[in-house]
Amino acid sequence: MSGFQNVFGIAQVSEGARPWAAALGAVALGGLAIVIASVGMLRGQEPFATWFYPFAWYGTLLVLEGAAALPAGRGAGFILLRRPAHLGTLLGWSAVTWLFFELLNFRLRNWFYVFVPADPLARWAAITLSFATVLPAILLAEAVLARWTVGEGVRCPALRITPERLRRVQWAGGLMLALPLVWPRIFFPLVWGGATLLLDPLNYRRDRGRSLLADLERGEPGRILRLLLGGALVGLLWELYNTEARGKWIYTVPGLEELKLFEMPVLGFLGFPPFALECFAIWQALVLGGVAVPRRGAPRPARLSARLGAVLAAALFSAGVLREMEQRTIASYTPRLRELPGVPSAELSRAGYDVFGLAAAPREEVAAAIAAGPGEAARWVESARLATLRGIGSRRARELAAVGILSVAELAAADPDDLALRLRRLSGDDVVAARLRVWIRAARQEAFSGPAGRGGKPPRP
């Protein structure tokens, strides 16, 4: 409890005599969390290596909170911390919101997760805590930009809103969500915008102050511009934090797997601004439905049974999606020495190695550490290198070993279609072809970046 009391104590100080101290304290605390997590992650130290994303993002939210509370500018004051009920519902519904997009990804297959915690409770906690930052990041970024008057004074031609136009917008939103489910390889980008068109007309009818269409009706697109800019900036941070983390996601977007910035295909960054509009529309719909606490003002009236029903439905939905993610989008867990094929895990563990340390160690050092032959040590190191390559993991490393792939070089020489067939015959498991392309592409890049590969060009998978 003391940690929560300290955090919310910062918000209380900001309302008193030392607003500068409170704001700068939040910035410093958040920045320190980011630095500590980054150093630990880059050194491969746990829990930062696997849990880097939630450490970094909660630190970032604190930095943004402090920026919002700086006395200079308009409307200074904490945004999330001053009202715990608002923060709590925002975090909870954020996790549910992103799990909805995880549900869509079961069909789209545009990304998957690697090296998540092996313990189920720790894994679900890490996933939930990470997803809980999505809505706060988007809404806080827009609020900070608003405080600094970004987009204020911008005008556009007023959009005439009619009941017929609202219906057409909703039909368009529904179609944008349906088409990617029918033809995912063609229409997958449409999911980043469909919810906005589906929900914002509902928000318009209930409270125009919470509607983006009403902003356009007034000819005042400032909030929309801030959301678009904030979404782009937040998306850049999402991908930056993901790129060097051990527990991370990898994209397999059709036709866009080659040219990437961090892990994201370059064109994929265009999806973050419209996604920010979706986050806004979803949150406003939850507030107007009486199941979320707004930043200001009293919560909307709703029956207790309706609120409890919404919470129960959200919990069951979340548990179902999380469980299904285990089979569909979580590709590997944090690898452990005892899970690698043919590796003396007990001796290596006593010598201070884990899988990642073994993968980076010179074979002579490993041989000397446990009094083994250099040939044996080389095989163990190669097994660890294979398991840690692009999230392959120990389970797939064992399966690759069973079909004769014992090293990164052998994986680099493999044919994707033939390898997929051999793995399917071995386990009956349908390995996603896009993941095989990721592995083989990484193996070829590594194989051709060493001395043996210099001057050559890796073949395309």
Side-chain angles (χ1 to χ4, degrees), residues 11 14 23 26-27 30 57-70 72-83 86-87 89-95 97-98 101 131-156 192-193 195-197 199-200 203-204 207-241 269-288 292-297:
S14 73
V27 171
W57 258 110
Y58 284 100
T60 300
L61 293 180
L62 267 179
V63 170
L64 292 174
E65 276 287 89
L70 288 172
R74 191 179 71 182
F78 282 118
I79 292 172
L80 300 180
L81 295 179
R82 69 167 57 182
R83 192 172 196 182
H86 167 63
L87 176 60
T89 55
L90 185 59
L91 293 172
W93 285 114
S94 175
T97 296
W98 185 253
F101 289 97
F131 293 172
T133 64
V134 175
L135 289 185
I138 293 294
L139 299 180
L140 186 55
E142 189 278 329
V144 172
L145 291 172
R147 180 179 166 270
W148 293 99
T149 68
V150 174
E152 294 292 333
V154 177
R155 296 293 181 267
C156 68
W192 312 115
T196 306
L197 301 186
L199 293 176
D200 198 69
N203 298 339
Y204 177 91
D207 184 343
R208 295 186 184 184
R210 298 183 177 276
S211 167
L212 300 173
L213 285 171
D215 293 351
L216 297 177
E217 185 179 41
R218 293 190 302 272
E220 300 174 354
R223 181 163 58 179
I224 295 174
L225 295 176
R226 290 191 296 272
L227 284 166
L228 293 172
L229 176 59
L233 296 174
V234 167
L236 188 66
L237 278 182
W238 277 331
E239 299 307 323
L240 174 64
Y241 290 164
F269 282 92
L270 297 176
F272 288 119
F275 174 65
L277 301 182
E278 285 191 301
C279 290
F280 178 85
I282 290 169
W283 174 248
Q284 302 307 330
L286 291 167
V287 169
L288 293 172
V293 177
R295 175 183 163 193
R296 298 189 185 95

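If you're wondering where the values come from, they're calculated on a predicted model, not measured in any experiment.
For the ring pair (Phe, Tyr, Trp, His ring centres under 6.0 Å) test, no residue two or more places apart in sequence or in another chain qualifies with Tyr58. Residues passing the salt bridge (Lys or Arg N to Asp or Glu O under 4.0 Å) test with Arg218 are Asp215, Glu220, sequence neighbours excluded. Residues passing the side-chain contact (heavy atoms from CB on, under 4.5 Å) test with Leu240, sequence neighbours excluded: Leu237, Phe262. Residues meeting the side-chain contact (heavy atoms from CB on, under 4.5 Å) test with Gln284, sequence neighbours left out: Asn203, Arg210, Phe280. Considering only residues two or more places apart in sequence or on other chains, Trp93 meets the side-chain hydrogen bond (donor to acceptor under 3.5 Å, both in side chains) condition with none of them.
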Check the pair Ile282, Leu199 against side chain to side chain contact (heavy atoms under 4.5 Å, CB included), reporting the backbone distance first and the verdict last. CA-CA 7 Å; Ile282 290 169; Leu199 293 176; 3.6 Å; yes
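Between the side chain of Ser94 and the backbone N or O of Phe131, at least one donor-acceptor pair lies under 3.5 Å. Distance alone, capped at 3.5 Å, is enough to place a donor-acceptor pair between the Asp200 side chain and the Leu212 backbone. Of the possible polar contacts, none joining the Arg223 side chain to the Glu142 backbone as a donor-acceptor pair under 3.5 Å is found. Here the side chain of Glu65 pairs a donor or acceptor atom with the backbone of Leu80 at under 3.5 angstrom.
In this structure, Glu152 pairs ionically with Arg226, as a charged nitrogen and a carboxylate oxygen lie closer than 4.0 Å.
Within the structure, side chain to side chain donor-acceptor pair (under 3.5 Å) pairs that include any residue of residues 274-283 do not occur (at least two apart or interchain).
Between Phe275 and Trp98, a ring centre-to-centre spacing shorter than 6.0 Å is recorded.
With values rounded to the nearest 0.5 angstrom, Thr133 atom OG1 is found 8.5 Å from Leu91 atom CG. Distance CZ/Phe269 to CD/Glu239: 5.0 Å, rounded to 0.5 Å. The CG atom of Leu233 lies 7.0 Å from the CG atom of Leu145; values are rounded to the nearest 0.5 Å. For the atom pair CG of Leu87 and CG of Leu140, the computed distance is 10.0 Å after rounding to the nearest 0.5 Å. The CZ atom of Arg296 sits 9.5 Å away from atom NE2 of His86, with the distance rounded to the nearest 0.5 Å. The distance from the CG atom of Leu64 to the CG atom of Leu139 is 11.5 Å, given to the nearest 0.5 Å.
Minimum heavy-atom separation, Pro273 to Leu270: CD-O, 3.5 Å. Contact record, Pro274 with Thr196: O-OG1, 4.1 Å, taken as the closest heavy-atom pair. The two residues Gly297 and Pro294 come nearest to each other via the heavy atoms O-CG, 3.8 Å. Contact between Ala214 and Arg208 at its shortest, heavy atoms only, is CB-O, 3.1 Å. Between Val144 and Ala68, the shortest heavy-atom contact is CG2-CB, 3.9 Å. Closest non-hydrogen pair, Ala143 versus Ile79, comes out as CB-CD1, 3.2 Å.
Leu62 has its side chain within reach of Leu81: a pair of non-hydrogen atoms, C-beta onward, lies under 4.5 Å apart. Using a 4.5 Å cut-off on side-chain heavy atoms (C-beta onward), Val134 and Thr97 make no contact. Under the 4.5 Å side-chain criterion, counting only non-hydrogen atoms from C-beta, Leu225 is not in contact with Val150.
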